[in-house]
Each structure stands twice: as structure tokens, then as C-alpha cells.
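The structure appears below as C-alpha cells.
Counting starts at 1 for both ligands and their atoms, in listed order.
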Amino acid sequence: MVKAESGEGIGARVLRKEDARHLRGRGQFVGDIRIPGMLEVAFLRSPVAHAIIRERRKPTGFESSVVFNEDMEGVSPITTRSSIPGYKVSDYPALAADRVRFVGEIVAMCLAANRAAAEDLCELVEIEYDELDPIVTCAAGRSPGVKPLHEEWADNLFLRTSLDQGIDDVIANAPVVVELELSTARQVMHPMEGKGLVAWWDHRAGQLVVQTSTQVPHLIRIGLAECLGIPQAIIRVAAPDVGGGFGYKCMLMPEEVAVAWLAYTRKGAFRWIEDRREHLTAGANARQHEYKIKAYADNRGRFLGLDAEVAIDCGAYSVWPFSACLEAAQAGGNLPGPYDLQAYRCSTFSVATNKPPFAPYRGVARPGVCFAIELTIDAIAKAVGREAWEVRLENLVAASAMPYTNITKKFYDSGDYPASLLQVKQMIGFERIRSEPRRDAKGRYLGVGFATYTEQSAHGTKVFAQWGLPLVPGFDQAHVKLTPDGALEVKAGIHTIGQGLETTLAQIAHEQTRVPLKDIRVTLGDTANTPFSTGAYASRGIVMTGGAVSVAAEIVAGRIKSIAAHLLQVRAEDVSFRDGGIFAGEASVSYEDVGRAWYMRPDQLPDAVDRGGLEATGAYKPQVDTGVFSYASHAAYVAVDAETGLVEILDYAICEDCGTMVNPMIVDGQTIGGAAQGVGTALFEESPYDDNGQPLASTLIDYLLPGPTELPRFRITHMETPSPFSAHGLKGVGEGGAIAPAGALVNAINDALTPLNAAVREIPATPERILAAIAAAKPTLGNVA
Ligand code: MCN
Ligand code: SMO
């Protein structure tokens, strides 16, 4: 394990700087911001899934307090282009124009002194709809002759892709063939704090100021400028404290365009805060995939080929800038997972449906593809009569093969995937479990399941360019400055959304400069005073911005040393950082001495001292544009009650490797938080729609989030294989925890159900689905149970 030499740098388990305010309730979220004269906004949303708007009327006397699409003259819809051939553009207006395409789409914006009054005003607005047939399933959306959701489209797909890496020979000759149909439910992301923003006109700066709960402030400025048709220079986007994002807050939202437009055109202050019902029914969704898989293997279970079709229920519009097709791109590219696969064919269908649009959500497609490939491995193991872990081991990319370019051109930079699997096998006590009875004292069936994945993190320029997206990340930047009193300021355009960058970026700055952590202040996410970053998504923060901080801090450290050397009258090479000061032998100066000398007494410095000053901007991207690959294995041990369908997670083991860890405590927290969301995906969370396109889960009574009583105590061990291709060997970890639980848990459930010959193929694996799987298996059962 990489040790922090000073106890505060890379590798140190220090407490999070941001927690001092959060634990005291002193955070500053959108809900805490008050601007004099500020009005609150409520949105009137469509109660129907698909309709032409025939007429709309404002209540008399409230003409200027109610806004319709036609009032927002000159504002462009949110439009996400992609250069991928065949991709279709959907115009997504902030306020619906002549049509609505999902329940929850905004049809009017109402303003009042407080939210309750604004909601009352919504009730007085009259909208007449001519309802159209909704498209509610992938099957319906793909059926021949279906009327496309966007009238000008030739069919109803945002995109269809196909990739064929030569599988025909395999199909003809493979001794073992396994076929599976799998599906994952539609999910809502549920950060603790919903979306929200305050926008106002700053008369002194001559700027539209937008304080929005976002992961990507610099992107939101670009997006707002495009939609509003105004220069970026008159927009300032800053993110206050953000209470979780998970991908939900990395896109430009219609509400942001609408509220920013209000502030810009009316030169006043306006706020909207999403409530939980809006989040559940109208906020962007994620995860809903359908898989048809044919896997080919030899008699030992060694993969010979994989033939897959993935359909994604993308909702009605493409989000900006990641589009409705990011999910398909990630699914097709990541389905082979950590396995050595030589023949692969995959088609993806990004289907438009009358549901809220699809956005990235922690793991982006990989929780789905991991579930799919991991169930496939277990099915192969069953077919060849071996233990699933053995078949995994047979197929995992070996450490000796690293770096390894896989069949979809992913460059696995480093690591030992088989070792992580063997580690969790040991942790979960596999041999003991197999030596014990398959049922516990209560008669419940016991099972153990595994899943291994790779987490592409900090993927950059080439990857996003390949996806044809309008916005391709390049270098991230950070600014580091020693202040006159010897403290350090770090500024970066990325944002911290709960994942801890305020602390870990400070640790990296400390690593280079040795300025005590308490004297390092990190400012993030404000276009007015931080350098450009595309933001916090794709588990890129620590690699990209961390790298940029490292570059800038190294430059500043060099200049600190040269000024200190002058003050100490030695050569710069003879100066070193130690114990919070700068030493040459036993003589020392403080950081404050250096700061004071440069800023306040330059008359005492010779011209030879580095003129660059005590601040620098660093720019960074790793040596590989395809990102650096973290990975992990998860093992779950479960008990399944065949009478009630209830699952209890008895034990859960994780062995993860994200390269050099900056803060192992934060890495643990990230892994636990992600895995908790993964348990939700596996067992609980689902946002179903009825045949009319009505959302059926509109409260947290209907939409089940796992709480402490449903979650196991995740036991985590780490491996630490530094990436050869990134600064300090860092790899990202923010999404990983969420990727594997569905695969590991459902494999464990199916292992438990083996004596009943039953297998679950849909998640969440609710009691109902488990009982249905058992019932479906009964006819072939005989009296095995
Ligand atoms: N870290 C570390 N050592 C490493 C890798 C990461 O100490 N080798 C730390 C980082 O310093 C950072 C955290 O772990 O504090 C996550 O870093 P990283 O993987 O770089 O991810 P990002 O900073 O880019 O954050 C975004 C990522 C994503 S994409 C989602 S989704 C997600 C996640 O982080 N959303 C989160 N974790 C979240 N955690 C919380 N609490 N809230 C969210 O919304
Ligand atoms: S879903 Mo994370 O914001 O890439």
C-alpha cells in the first residue's frame, strides 16, 4: 500500500474536510440560498404520456406569472447532436411546444412569492390535450410500422448499432451453447438532494448568475448559452453544495433553461427546487435494458464467443451533452467485461418511449451488462457442470496478459483480476459454504454468487469522440496558489457532490507542497473563478483534476523551494519540505516567510528567483485516452425463503483495486455507497409504467430504496495496482461499487434455487419474481426439493 509520508498526502486516511460543515448542518445548498425579491417557480407538468396540445389558457390577471413555450421567444430546445451514423436528433424544448411525450414533461412555468402559491397557480392553468397512443415498451417501440415518437424520424430508434467481430465459425463449431433472456428495471436516481437552482441577474457584473445543483458547472454554462442564444461571458454558473448527483446532475435540464431564461429576461431572481414526487415521476431515468444472449463455450466453460442483442428503453428525448445513446455505447462496449473473449457480436437498440429521458447513472450501463455477463457465466458453468468461480477463473484476463486490449478495443492497463476473484472466494468462505447443508435451520435455501467487473474510469478524448458526442473532454485544469500568509488555495472547475474531492484534491496538493492539510483550501465548480473542467462524471475526478492539481502544485512547490533557497542562502537542490516548514539542514523558513517575501517584499529578492510567481495552472490528462481500468470482484451469500420469496443477504465481500488510493477511507465509502445502490438495483428499485404510460411509483412507499436494515455489512479488501499510465498511478472508483451487486446477488439467489431448478432472470429480484421463477420451474421439478 502506498504510504503517505507526512500522514496527510496520498494514501492517508484523513477525515473529510467538508464534513465539518455538513455534520453541523451548515452546508449551503440551493435550498439555503435566499436572494432579496426572489420568486419561486413551480412547473405544471403533463398528466398524459403522449398528446398534442390543442389549447392552453392562462388564468386572467396572472398573464405574466405564467409562462408557456411561446413566451420564450428565441430560446432553442435542448438539442444533442452526435456524429454516429444513423443517430436521430430529438428537440427537447424547456417547455413543451405542440406536443408532450411523457407524463411529467413541463407544459407551463408558474411564479409566485412562495412555492405553495406557485403550485396553486399551476392549478388555474388550463391545458387541453388530444391524446395519442403511447409507446411504453421496447417491444412496442421496435415493432414494425410503429408511428415514431418524433414525427420526422424514419423509425422509432434514437440509434441502432451493430458490431461483428467474427462469430460465425464459433456458432458452427462450439460444443456448448447457452441462451438467456434478461432484463433490468427502470430506475430513478434519488440523490438525497433533488435537482434545484437559483438564477438572478447581477447588475454590477452584468451577468446572469446561476447557482445550480450540478456535477458539471462549466458544461451548464455552455449549454445555457447555446439554448438562450447569449454569450457565455455573461453567464456565471456556480454549484453550491450538492447533495449527491450520481449522474442525474451531469446534464442540462429543461428546468435550468427555463429558470435561467426568467432571470435573464426579467432581470430578477428565481428559484426552483425539485420535490421527491417530481424526481420520481418527471426526473430522468436509468438502467432499463433487455438482453438476448447466446454464449458459446467449450466443454470446460471457456468462452468461445458471445452474441448479444441489447434493447434500451431510452425515454422520449436525448439529454445534453451525453445523448440517449451513451447507454448503448457503454453497453455494447462493456458487455465482454473482464473476460478474454475472441469472438463477439452485439446489436443495440436505443428505443424512444413515452417516458422521461435516460441519463447516466452511477456505472452507466455497466450494472446492466455486468448482470448480463455474470449470469451468462453462471449459466455456462451449469451447462458444463463446473463451479461458477472456476469458469470465471478460466475466462478472466490474466495478470500476465496486462496491458490487454480487449475485443471492443478497451485497453485494460493493469491489475490482477483472477487474484481479486480468489480473494473474495476466500473472504466469503466458499469452501465452508459448500461443505454445509444447502438449507438453513429455517428451511431457507442458501447460495453464493460472484461477479467481477472492470470500471473504465477517466475515459477521455478518443472515447467521447468515438461516441460522436458534441462535447469531448480533453485536459482538465486546476489552479494552485500559495497565499501571502503561506496557505495554499486550490481551484478547479470540477465539483464535489459528496464524493470527497475537497479533501482528496487537498491531499494531492499536500503531497507536492507539504503545506499542512488544514492550510489548504479547495474551491470548486464556479465558472467565475475556477479553470475549465468538463466536470465530475465517469469517475474521472481524481485522475483528471487530481492530475492537474498535481501538475500545478509541483510547479508551485518548485518556486517555493527556489524562494526559500534564497532566504536560506543555499541552493534550491538543498532545500526540502519537512514538518510543515522548508529546511536546509537544520535552518528553516516557513511557508509564510516565502509568501511574504514574494508578495510583499520583492525588493529583497534577487532577479534570479523564478518570476513565475507562487501560483500556477496545471493541465492534465492521462497518457491513455481510453481511461484507466479499476476492477473488483464481489461475492454474496444469501438465504432465500421459497415460501415468501424473501432474500436475506447473509454476507457480502468485495475486493477492489482502483490503483493508488488517495484516501482509503473515502475509497471504502465510495465502494460501500455504490454497493448499497447496487443492492437497490438488484433487489428493490423499480419505476414501472402502466399501459397508458403512467408512472406507478410516485412516492417512496411505491419505490423501494434499500435502507440500513436491508443492507449487509460490506466487507472490503483492497489491491493496489498503480496504473502505469496516470499520475501517481491513480484510477477512479466512484461508480464501481454499483456495478457488481446485481450480478453477484442474483447469481447467489440462483445458486440457492438450484435444488428447485429455478433461476431469476429479471431484476429487481423481488419476492414476486422469485416466487414466479420457482413456480415456473415446478413442472420439471419432480420431487427434488
Ligand atoms: N478516490 C481516491 N483514490 C482513488 C480513486 C478515488 O481516494 N484511487 C476518491 C477521490 O478522491 C474522490 C472519490 O474517491 O474523493 C471518487 O473519485 P472518482 O472515482 O475520481 O470520481 P469523481 O470525483 O469523478 O466523482 C464522480 C463519481 C461518479 S461518476 C458518480 S455517478 C458518483 C460517484 O462519483 N456520484 C456520487 N460517487 C458519488 N459519491 C457521492 N457521495 N455522491 C455522488 O453523487
Ligand atoms: S453516472 Mo457518474 O455521474 O458518471
Side-chain angles (χ1 to χ4, degrees), residues 1-2 4 9-14 16-19 22 189-193 213-216 219 241-251 284 286-287 319 322 326-327 330 358-367 455-459 473 476 492 494-508 522 524-525 533-547 549 627-628 630 656-677 718-723 726-739:
M1 197 167 283
V2 176
I10 293 177
R13 292 181 84 91
V14 294
R16 302 199 320 174
K17 283 163 115 32
E18 48 271 60
D19 289 343
H22 288 314
M189 292 170 246
H190 286 297
M192 275 214 273
E193 178 210 28
S213 182
T214 187
Q215 302 168 227
V216 291
L219 293 195
D241 273 328
V242 172
F246 306 116
Y248 184 57
K249 298 173 182 171
C250 71
M251 57 181 168
R287 296 273 193 269
V319 300
F322 296 112
L326 177 69
E327 193 80 6
Q330 286 278 54
F358 231 56
Y361 172 35
R362 206 170 197 173
V364 193
R366 286 159 294 182
E455 177 188 7
Q456 184 175 20
S457 73
H459 26 309
D476 248 51
I494 198 166
H495 203 56
T496 186
I497 54 175
Q499 86 280 41
L501 285 179
E502 245 172 273
T503 304
T504 44
L505 293 178
Q507 286 181 258
I508 290 182
V522 177
L524 302 171
S533 161
T534 55
Y537 57 91
S539 300
R540 64 194 300 281
I542 205 61
V543 175
M544 302 294 301
T545 307
V549 168
V628 280
S630 297
E656 79 76 47
D657 185 347
C658 61
T660 307
M661 289 185 276
V662 176
N663 186 327
M665 185 155 45
I666 290 182
V667 170
D668 281 352
Q670 287 293 300
T671 306
I672 291 169
Q677 284 174 304
H718 301 279
M719 293 171 32
E720 205 169 11
T721 318
S723 174
S726 64
H728 306 286
L730 302 171
K731 307 183 189 185
V733 77
E735 295 164 280
I739 295 175

Nearest 0.5 angstrom please: [X] [atom1] to [Y] [atom2], how far?
X: Gln507; Y: Leu501; atom1: CD; atom2: CG; result: 11.0 Å
X: Met719; Y: Asp657; atom1: CE; atom2: CG; result: 5.0 Å
X: Ile542; Y: Thr504; atom1: CD1; atom2: OG1; result: 4.0 Å
X: Ile497; Y: Tyr537; atom1: CD1; atom2: OH; result: 12.5 Å
X: His190; Y: Glu193; atom1: NE2; atom2: CD; result: 14.5 Å

Side chain, backbone, both or neither: which part of [X] has a heavy atom under 4.0 Å from ligand 1?
X: Arg362; answer: both
X: Thr660; answer: backbone
X: Pro360; answer: neither
X: Tyr537; answer: backbone
X: Glu735; answer: side chain
X: Val733; answer: both

Does [X], backbone or side chain, put an N or O under 3.5 Å from an N or O of ligand 1?
X: Leu730; result: no
X: Ile666; result: no
X: Gly247; result: no
X: Val543; result: no
X: Val662; result: yes
X: Met661; result: no
X: Gly244; result: no
X: Gln215; result: no
X: Gly659; result: no

Is the closest side-chain heavy-atom distance between [X] and [Y] below 4.5 Å?
X: Leu524; Y: Leu505; answer: yes
X: Val319; Y: Phe358; answer: no
X: Glu656; Y: Met661; answer: yes
X: Thr214; Y: His495; answer: no
X: Cys658; Y: Val667; answer: yes
X: Arg540; Y: Ser533; answer: yes
X: Val662; Y: Leu730; answer: yes
X: Cys250; Y: Tyr361; answer: no

List the closest protein heavy-atom neighbour of [atom]: residue, atom name, distance to the nearest 0.1 Å.
atom: atom 22 (P) of ligand 1; result: Gly541 N, 3.5 Å
atom: atom 21 (O) of ligand 1; result: Ser539 CA, 3.5 Å
atom: atom 43 (C) of ligand 1; result: Phe246 CE2, 3.1 Å
atom: atom 13 (C) of ligand 1; result: Gln499 O, 3.2 Å
atom: atom 2 (C) of ligand 1; result: Val667 CG2, 3.5 Å
atom: atom 34 (O) of ligand 1; result: Gly734 CA, 3.6 Å
atom: atom 7 (O) of ligand 1; result: Asn663 N, 3.0 Å
atom: atom 10 (C) of ligand 1; result: Thr504 OG1, 3.7 Å

Review point. Would you say the side chains of Glu720 and Thr660 form a donor-acceptor pair under 3.5 Å?
Key: no
Check your understanding: Regarding Ser213 and Lys249, is there a side-chain donor-to-acceptor distance under 3.5 Å anywhere?
Key -> yes
Taking 4.0 angstrom as the limit and counting only heavy atoms of [X], give me the atoms of ligand 1 inside it, by number and element.
X: Lys731; value: 4 (C), 5 (C), 8 (N)
X: Gly500; value: 15 (O)
X: Gly245; value: 43 (C), 44 (O)
X: Cys658; value: 4 (C), 8 (N)
X: Ala538; value: 29 (S)
X: Gly732; value: 19 (O)

Point to revise | salt_bridge(Glu735, Arg366) N-O dist < 4.0 Å | key: yes
On a heavy-atom basis, which atom in [X] and which in [Y] lie closest, and how many Å separate them?
X: Val543; Y: Ser726; result: CG1-CB, 4.2 Å
X: Ser723; Y: Lys731; result: CB-CE, 3.9 Å
X: Phe322; Y: Pro360; result: CD1-CG, 4.0 Å

**Study point:** Ser457 touching ligand 1 at heavy-atom level, < 4.0 angstrom
**Key:** no
Distances only, to 0.1 Å: what are the N or O pairs between ligand 2 and the protein that fall under 3.5 Å?
residue  : atom  : partner : partner atom : Å
ligand 2 : 3 (O) : Gln215  : NE2          : 2.8
ligand 2 : 3 (O) : Gly247  : N            : 3.3
ligand 2 : 4 (O) : Ala538  : N            : 2.7
ligand 2 : 4 (O) : Glu735  : OE2          : 3.3

Review point. Yes or no on salt bridge (charged side-chain N to carboxylate O under 4.0 Å, His left out) for Arg13 and Asp668, after CA distance, side-chain angles and deciding distance?
Key: CA-CA 10 Å; Arg13 292 181 84 91; Asp668 281 352; 3.4 Å; yes
Exercise for review: Determine, considering heavy atoms only, which of Gly243, Cys250, Gly498 sits nearest to atom 41 (N) of ligand 1.
Suggested key: Gly498
Check your understanding: Can you list the steps and then say if Gln456 with Gln330 is a side chain to side chain contact (heavy atoms under 4.5 Å, CB included)?
Key -> CA-CA 10 Å; Gln456 184 175 20; Gln330 286 278 54; 4.0 Å; yes
